[in-house]
*Asks:* 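Sharing a structure here in structure tokens format.
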Amino acid sequence: MSEKIPVTVLTGYLGAGKTTLLNRILTEPHGKRYAVIVNEFGEIGIDNDLVVGADEEVFEMNNGCICCTVRGDLIRIMDGLMKRKGKFDAIIVETTGLADPAPVAQTFFVDQDVGDAARLDAVVTVADAKWLSERLRDAPEAKNQIAFADVILLNKADLVDEAGLQAVERQIRAINPAATIHRTEHCAIPIDTVLDRRAFDLDRILEIEPEFLEEGHHHHHSDEIQSISARLPGAVDPNKFMPWISDLTQVQGPDILRCKGIVSFPDEPRRFVFQGVHMILDGDLQDAWKPGDPRESRVVFIGRNLDPERIRSGFEACRA
């Protein structure tokens with residue numbers, strides 16, 4: 001019997017740094033080839049274009065949580081990948097930040113074809129050291145992501161003092177005493193500490209969630225979390241866009257769990273990429289637009305109590 005293909009489930013709450021870790025995995029000189037499955041919460045895909053260096057092996061699932069409505073997509077894509085065995089060494093599934101990893105992991109045990117061809121190697125959770133304590137209070141998904149993790153990256157450790165880091169680690173240990181914790185900045189970590197760990201322990205998961213292997217067992221997201229996306233053909237004026245995005249995140253920051261976008265500026269060959277969590281916003285010019293790619297601008301905001309019309313009209317007013 002041929003060796004099963006290892007699958008790493010990469011999870012973590014909105015803005016923790018999952019895509020940063022994924023890009024590190026795909027660009028470091030380890031000599032391995034990875035197929036990547038990404039999933040987003042919202043109708044306009046952004047994350048697929050934030051993943052670098054894997055154009056032909058990135059499979060995107062939109063407009064649904066990977067753990068609920070599009071699990072069929074996951075099984076279908078896995079089945080397709082199995083027909084291409086030999087073209088890659090391992091598979092990485094990056095879930096939306098609002099996903100409970102349990103039903104994703106469950107797929108590898110309740111679907112026989114997937115289970116026969118692939119093995120769940122580990123659930124790797126990226127946690128935001130600055131915001132994790134707050135998320136554990138108000139977001140059940142964040143708690144589940146910690147509970148199901150085999151490896152936890154306590155990321156953005158440079159934003160929290162030692163006492164704060166120790167307090168967060170105690171919270172993590174109270175939920176999951178078995179996981180390995182690594183403190184990181186910008187997800188800088190040797191890749192072999194997160195991949196090919198053979199760390200997933202089904203018995204431990206069954207202790208946490210006895211119904212884990214029961215078909216149809218899944219969770220529901222909080223109805224108050226919303227995703228607002230907008231798209232503009234062509235470019236936006238940076239002199240309008242930058243003040244607008246800055247003002248929006250400062251005014252509504254507490255309610256913005258995550259924002260991200262890829263924006264076209266006039267006469268600029270590179271894409272402006274921004275990402276943010278609450279009032280912390282980061283953006284710069286990155287890869288050049290590829291020949292034939294539509295020069296369009298896309299933004300996504302995920303949060304609570306957001307005004308879709310205000311956001312979309314504000315973005316529209318930035319048109320160049």
*Asks:* Nearest 0.5 angstrom please: Lys83 NZ to Met78 CE, how far?
*Replies:*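 Rounded to the nearest 0.5 Å, the NZ-CE separation comes to 11.5 Å.
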*Asks:* Kindly work out whether a path of hydrophobic side-chain contacts (I/L/V/M/F/W/Y, heavy atoms less than 4.5 Å apart) joins Val251 to Phe301.
*Replies:*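 No, no single cluster joins them.
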*Asks:* Do Arg270 and Gln286 touch side chain to side chain, with heavy atoms closer than 4.5 Å?
*Replies:*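 Sidechains of Gln286 and Arg270: no contact.
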*Asks:* Just so I know, are the side chains of Ile91 and Tyr34 near enough to count as touching, which here means a heavy-atom distance under 4.5 Å?
*Replies:*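 No, side chains not in contact.
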*Asks:* Go through the steps for Asp192 and Asp196 under the test side chain to side chain contact (heavy atoms under 4.5 Å, CB included), then give the verdict.
*Replies:* CA-CA 7 Å; Asp192 61 6; Asp196 205 17; over 6 Å; no
*Asks:* From the options Leu21, Val9, Ile25, Thr11, select the one residue that forms a side-chain contact (heavy atoms from CB on, under 4.5 Å) with Val124.
*Replies:*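 For Val124, the side-chain contact (heavy atoms from CB on, under 4.5 Å) test succeeds with only one of Leu21, Val9, Ile25, Thr11, which is Leu21.
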*Asks:* How far apart are the C-alpha atoms of Ser229 and Val300, what are their side-chain angles, what is the distance that settles it, and do they pass the side chain to side chain contact (heavy atoms under 4.5 Å, CB included) test?
*Replies:* CA-CA 4 Å; Ser229 45; Val300 175; 3.9 Å; yes
*Asks:* So do Trp289 and Pro269 actually touch side chain to side chain, heavy atoms under 4.5 Å?
*Replies:*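 Pro269 does not reach Trp289 side chain to side chain.
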*Asks:* Considering only distance and modelled atom types, tabulate donor-acceptor pairs under 3.5 Å from the side chains of residues 164-174, sequence neighbours left out.
*Replies:*
{"from": "Gln166", "atom 1": "NE2", "to": "Glu162", "atom 2": "OE2", "distance (Å)": "2.9"}
{"from": "Glu169", "atom 1": "OE1", "to": "Arg183", "atom 2": "NH2", "distance (Å)": "3.3"}
{"from": "Glu169", "atom 1": "OE2", "to": "Arg183", "atom 2": "NE", "distance (Å)": "2.7"}
{"from": "Glu169", "atom 1": "OE2", "to": "Arg183", "atom 2": "NH2", "distance (Å)": "3.4"}
{"from": "Gln171", "atom 1": "OE1", "to": "Ser133", "atom 2": "OG", "distance (Å)": "2.4"}
{"from": "Arg173", "atom 1": "NH1", "to": "Asn176", "atom 2": "O", "distance (Å)": "3.2"}
{"from": "Arg173", "atom 1": "NH1", "to": "Pro177", "atom 2": "O", "distance (Å)": "3.4"}
{"from": "Arg173", "atom 1": "NH1", "to": "Ala179", "atom 2": "O", "distance (Å)": "2.9"}
{"from": "Arg173", "atom 1": "NH2", "to": "Ala179", "atom 2": "O", "distance (Å)": "3.0"}

*Asks:* For a 4.5 angstrom cut-off between non-hydrogen side-chain atoms, does Ile189 reach Leu153?
*Replies:*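 A side-chain contact under 4.5 Å exists here.
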*Asks:* Please confirm whether the backbone N or O of Ser264 pairs with a side-chain atom of Arg271, one donor and one acceptor, at under 3.5 Å?
*Replies:* no
*Asks:* I want to check something: taking the side chain as every heavy atom from C-beta on, are Phe274 and Cys259 in contact at a cut-off of under 4.5 Å?
*Replies:* yes
*Asks:* Got a second to check how far Ile92's CD1 is from Ile37's CD1, nearest 0.5 Å?
*Replies:*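 With rounding to 0.5 Å, CD1 (Ile92) is 10.5 Å from CD1 (Ile37).
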*Asks:* Assess the residue pair Leu136 and Ile175 against the criterion (side chain to side chain contact (heavy atoms under 4.5 Å, CB included)); give the C-alpha distance rounded to whole Å, side-chain angles, the decisive distance to 0.1 Å, and a yes or no.
*Replies:* CA-CA 10 Å; Leu136 291 176; Ile175 298 168; 3.9 Å; yes
*Asks:* What residues form a salt bridge (charged side-chain N to carboxylate O under 4.0 Å, His left out) with Arg197, not counting sequence neighbours?
*Replies:*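 Per chain and number, Arg197 pairs via salt bridge (charged side-chain N to carboxylate O under 4.0 Å, His left out) with no residue.
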*Asks:* Would you call Cys187 and Val126 a side-chain contact if the rule is heavy atoms closer than 4.5 Å?
*Replies:*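 Cys187 reaches Val126 side chain to side chain.
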*Asks:* Look at the side chain of Asp89 and the backbone N and O of Lys32, then say whether any donor-acceptor pair between them is shorter than 3.5 Å.
*Replies:* no
*Asks:* If you measure from the Lys or Arg side-chain nitrogens to the Asp or Glu carboxylate oxygens, is any gap between Glu185 and Lys156 under 4.0 Å?
*Replies:*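 No, Glu185 and Lys156 are not salt-bridged.
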*Asks:* Below 4.0 angstrom, N of the basic side chain to O of the carboxylate: do Lys130 and Asp161 qualify?
*Replies:* no
*Asks:* Going by side chain to side chain donor-acceptor pair (under 3.5 Å), Thr184 matches just one of Asp158, Thr20, Asn155, Thr193. Which one?
*Replies:* Asn155
*Asks:* Indicate the ring-plane relationship of Phe241 and Phe315, choosing parallel, tilted or perpendicular according to the 30° and 60° boundaries.
*Replies:*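 Phe241 vs Phe315 ring planes: perpendicular.
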*Asks:* Do Ser297 side-chain atoms and Gly234 backbone N/O form a donor-acceptor pair below 3.5 Å?
*Replies:* yes
*Asks:* Can a salt bridge be assigned to the pair Lys143 and Glu141 using a cut-off of 4.0 Å between side-chain N and carboxylate O?
*Replies:* no
*Asks:* Tell me, do Val151 and His182 make a side-chain contact under 4.5 Å, heavy atoms counted?
*Replies:* yes
*Asks:* Check Asp121 with Arg119, please: is the shortest side-chain N to carboxylate O separation under 4.0 Å?
*Replies:*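 Between Asp121 and Arg119 there is a salt bridge, with a charged N closer than 4.0 Å to a carboxylate O.
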*Asks:* Does Met242 offer a backbone N or O that forms a donor-acceptor pair with the side chain of Ser246 under 3.5 Å?
*Replies:* no
*Asks:* Could you tell me if the side chain of Tyr13 sits less than 4.5 Å from the side chain of Gln145, heavy atoms only?
*Replies:* yes
